[in-house]
Amino acid sequence: MSLALNQWTTRRWSVAEAVDGCVRHGLEAVGLWREKVAEQGLAQSVKLVREAGLRVSSLCRGGFLTAGGLPGEDGRKAFAQALESNRQAIDEAAELSAACLVMVVGGLPGVRPGEPLPANGFTRDLAGARERVAEALAELAPYAGERGVKLALEPLHPIYCPDRAVLSTLGQALDLSLAYPEEQVGVVVDTFHVWWDPRLFEDIERAGRRIASYQVCDYLHPLPADVLLGRGMMGDGVIDFAPITRAVQAAGYTGDVEVEIFNADIWAADPDEVVATMKARYADVVLATS
């Protein structure tokens with residue numbers, strides 16, 4: 001496995017700056033975000049990555065498929081819009097030759113990330129929301145397969161179930177993926193989201209070659225007021241990385257290991273210092289006893 005920088009860890013870097021930073025620090029791969037690719041321009045982003053000799057370890061993100069669970073015309077329109085947005089994301093991933101397109105599937109229909117519950121226009125139907133994800137995947141997986149793109153379903157910690165991902169465990173994501181060829185649909189193992197799961201090691205073994213991405217960062221305690229920013233540099237929180245890394249390796253994963261951190265202090269720090277620390281912690285914490 002090889003260390004990769006997920007662009008959100010050094011959030012203020014553009015695609016050009018992230019590519020340059022990876023080359024400067026001796027990294028072989030970068031995980032890109034669609035917003036940053038759009039700012040740089042897709043064609044220019046492809047050119048920059050290829051000329052630098054880097055791999056695109058992932059493209060973040062597709063998903064948010066559950067709005068189709070809203071009743072009536074609103075739901076039908078939202079579902080169609082979600083499918084179109086994800087087809088565009090798949091096309092972008094194909095252009096970038098990304099190893100996978102990360103899919104954050106969405107929360108309860110009508111609940112917006114980080115916002116108060118609306119007075120109306122949302123549903124508490126969690127089972128129905130998961131059904132909408134399955135319906136969307138049936139539409140998108142063949143499209144991705146035709147373009148050589150693997151959709152990587154990412155389960156998120158249960159604290160994000162209302163507004164970001166109704167898939168909360170690796171097992172849930174894996175079960176949903178099994179209806180499709182492994183080259184079309186896989187799963188993400190992100191330590192922040194899955195470290196707590198008592199079935200984690202069983203499901204990593206079960207996932208095997210369906211592991212499309214391994215992402216690492218730590219789970220801080222206590223969490224900040226904005227729990228989205230509760231990710232820390234490896235070694236600064238409560239996660240025991242070595243057994244998870246051993247399990248992922250034993251399952252047959254040989255891809256890149258992305259460091260993906262959402263943290264206000266890390267975003268405010270000098271990006272080159274962040275990458276230097278990231279490299280040291282990867283060696284000392286993630287791989288030391290793996």
Side-chain angles (χ1 to χ4, degrees), residues 6-9 11 31-38 56-69 78-79 81-90 92-93 96 98-115 122 126 129-137 139-141 144 149-177 180 184-195 197 207 210-217 219 226-231 258-263:
N6 184 286
Q7 192 176 10
W8 224 242
T9 300
R11 185 174 176 179
L32 297 177
W33 277 69
R34 293 184 68 203
E35 296 94 323
K36 297 290 190 180
V37 170
V56 177
S57 49
S58 73
L59 179 64
C60 293
R61 60 194 179 202
F64 289 91
L65 306 169
T66 56
F79 189 67
Q81 289 173 343
L83 291 178
E84 181 57 32
S85 175
N86 278 275
R87 291 188 189 103
Q88 182 178 340
I90 290 166
E92 292 167 9
L96 289 161
C100 64
L101 173 65
V102 174
M103 302 290 285
V104 176
V105 298
L108 292 172
V111 179
R112 296 183 179 276
E115 295 183 9
F122 82 98
L126 178 57
R130 289 173 176 150
E131 290 174 5
R132 301 295 82 73
V133 175
E135 289 175 4
L137 196 60
E139 295 280 346
L140 295 171
V149 173
K150 179 178 286 190
L151 305 180
L153 301 176
E154 181 171 19
L156 268 56
H157 192 283
I159 56 176
Y160 303 113
C161 187
D163 60 353
R164 285 184 171 84
V166 295
L167 298 181
S168 300
T169 69
L170 183 61
Q172 286 177 313
L174 179 59
D175 288 344
L176 194 56
S177 76
Y180 305 96
Q184 288 185 13
V185 185
V187 295
V188 179
V189 177
D190 183 320
T191 55
F192 177 86
H193 293 302
V194 301
W195 70 274
D197 186 352
R210 284 193 185 267
I211 298 175
S213 179
Y214 181 38
Q215 297 180 336
V216 296
C217 70
Y219 189 100
D226 184 351
V227 295
L228 186 66
L229 305 184
R231 294 167 173 253
E258 285 187 5
V259 176
E260 183 188 53
I261 302 176
F262 292 51
N263 182 292

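When reading the values below, keep in mind they use all heavy atoms of this one structure, side chains included, and skip hydrogens, waters and symmetry mates. Note that the structure is predicted; figures quoted are calculated from it, not measured.
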With heavy-atom distances below 4.5 Å as the criterion, would you say the side chains of [X] and [Y] are in contact?
X      : Y      : result
Arg210 : Lys150 : no
Asp190 : Leu156 : no
Ser85  : Phe64  : no
Leu153 : Leu137 : yes
Arg87  : Glu139 : yes
Cys60  : Glu154 : no

Checklist line | For Gln88, all residues meeting side-chain contact (heavy atoms from CB on, under 4.5 Å), sequence neighbours excluded | finding: Arg34, Glu92

From [atom1] ([X]) to [atom2] ([Y]), nearest 0.5 Å:
X      : Y      : atom1 : atom2 : result
Ile90  : Leu101 : CD1   : CG    : 6.5 Å
His193 : Ser168 : NE2   : OG    : 10.5 Å
Asp197 : His157 : CG    : NE2   : 10.0 Å
Leu65  : Phe79  : CG    : CZ    : 7.5 Å
Leu229 : Ile261 : CG    : CD1   : 12.0 Å

Side-chain donor or acceptor of [X] paired with backbone N/O of [Y] under 3.5 Å:
X      : Y      : value
Gln7   : Trp33  : yes
Thr191 : Cys217 : yes
Lys36  : Arg11  : yes
Ser213 : Val188 : no

Notebook entry, point to check: Residues two or more places apart in sequence or in another chain: which of them pass side chain to side chain donor-acceptor pair (under 3.5 Å) with Trp195?
Noted result: none

Next item on the list: Just jot down the side chain to side chain donor-acceptor pair (under 3.5 Å) partners of Arg132, sequence neighbours excluded, or say none.
Entry: Glu135

Next item on the list: Mind jotting down which residue pairs meet the side-chain hydrogen bond (donor to acceptor under 3.5 Å, both in side chains) criterion with at least one end in residues 57-66? Sequence neighbours excluded, please.
Entry: Ser57-Glu258, Ser58-Glu258

Nearest heavy-atom neighbours spanning [X] and [Y]:
X      : Y      : answer
Val185 : Tyr180 : CG2-CB, 3.7 Å
Ala212 : Ala152 : CB-CB, 3.8 Å
Ala207 : Ile211 : CB-CG1, 3.8 Å

Margin query: Regarding Asp175 and Arg130, does a basic nitrogen lie under 4.0 Å from an acidic carboxylate oxygen?
Written below: no

Validation: residues 160-167 side-chain donor-acceptor distances under 3.5 Å, sequence neighbours left out:
from   : atom 1 : to     : atom 2 : distance (Å)
Tyr160 : OH     : Val227 : O      : 2.6
Asp163 : OD2    : Gly114 : N      : 3.0

Note to self: One pair to check against side-chain contact (heavy atoms from CB on, under 4.5 Å): Val149 and Leu59. What are the steps and the verdict?
What the structure shows: CA-CA 10 Å; Val149 173; Leu59 179 64; over 6 Å; no

Note to self: I'd like to check the ring-ring contact (aromatic ring centres under 6.0 Å, His included) partners of Phe192; sequence neighbours left out, ordered by chain and number.
What the structure shows: Tyr219

Item checked: side-chain contact (heavy atoms from CB on, under 4.5 Å) between Val194 and Thr169, intermediate numbers included -> CA-CA 7 Å; Val194 301; Thr169 69; over 6 Å; no

